[in-house]
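I have placed the structure first, in the form of structure tokens, so that the comments after it can refer back to it.
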Amino acid sequence: MASSWRKHGQYEYRVVTIDRGTSVPDARKMLTDEAEYGRWELARTRLYLGGERRVWLRRKIIKATATF
């Protein structure tokens, strides 16, 4: 599994590459954990020839503001 980060507009993106040897239940568990604990949501999924999968996850960029 490999991943990369990008920022675009109001969202931060993470591209996760899942190799063909990873089973569907294992990939689902990994993505569920990312969504639950990292606040990521699924933006796009693509299946390539050879079985490699790329998944685009996104989350809103939260900017902290001073309160004092």
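For Ser23, the side chain to side chain donor-acceptor pair (under 3.5 Å) partners are Asp26, not counting sequence neighbours. By the side chain to side chain donor-acceptor pair (under 3.5 Å) test, Thr45 is found to be paired with no residue, residues two or more places apart in sequence or in another chain being considered. Remark: Lys60 engages no residue in a salt bridge (Lys or Arg N to Asp or Glu O under 4.0 Å) (not counting sequence neighbours).
In this structure, CZ on Arg53 lies 8.5 Å from CG on Leu31, to the nearest 0.5 angstrom.
Under the side chain to side chain contact (heavy atoms under 4.5 Å, CB included) rule, Thr32 has a single partner from Arg28, Met30, Lys29, which is Arg28.
Nearest approach of Ile18 to Ala27, heavy atoms of both residues: CD1-CB, 4.0 Å. Across Tyr13 and Trp40, no two heavy atoms sit closer than the pair C-CZ3, 4.0 Å.
Applying the salt bridge (Lys or Arg N to Asp or Glu O under 4.0 Å) test to pairs two or more places apart or on separate chains, those with a residue in residues 38-52 are Glu41-Arg58, Glu52-Arg54.
Side-chain atoms of Leu42 and Val55, non-hydrogen and from C-beta on, do get closer than 4.5 Å to each other.
Side-chain N or O atoms of Arg59 include one that pairs as donor or acceptor with a backbone N or O of Gly38 at under 3.5 Å.
Other residues, nucleotides and ligands contribute only 12 or fewer heavy atoms inside 6.0 Å of the OH atom of Tyr37.
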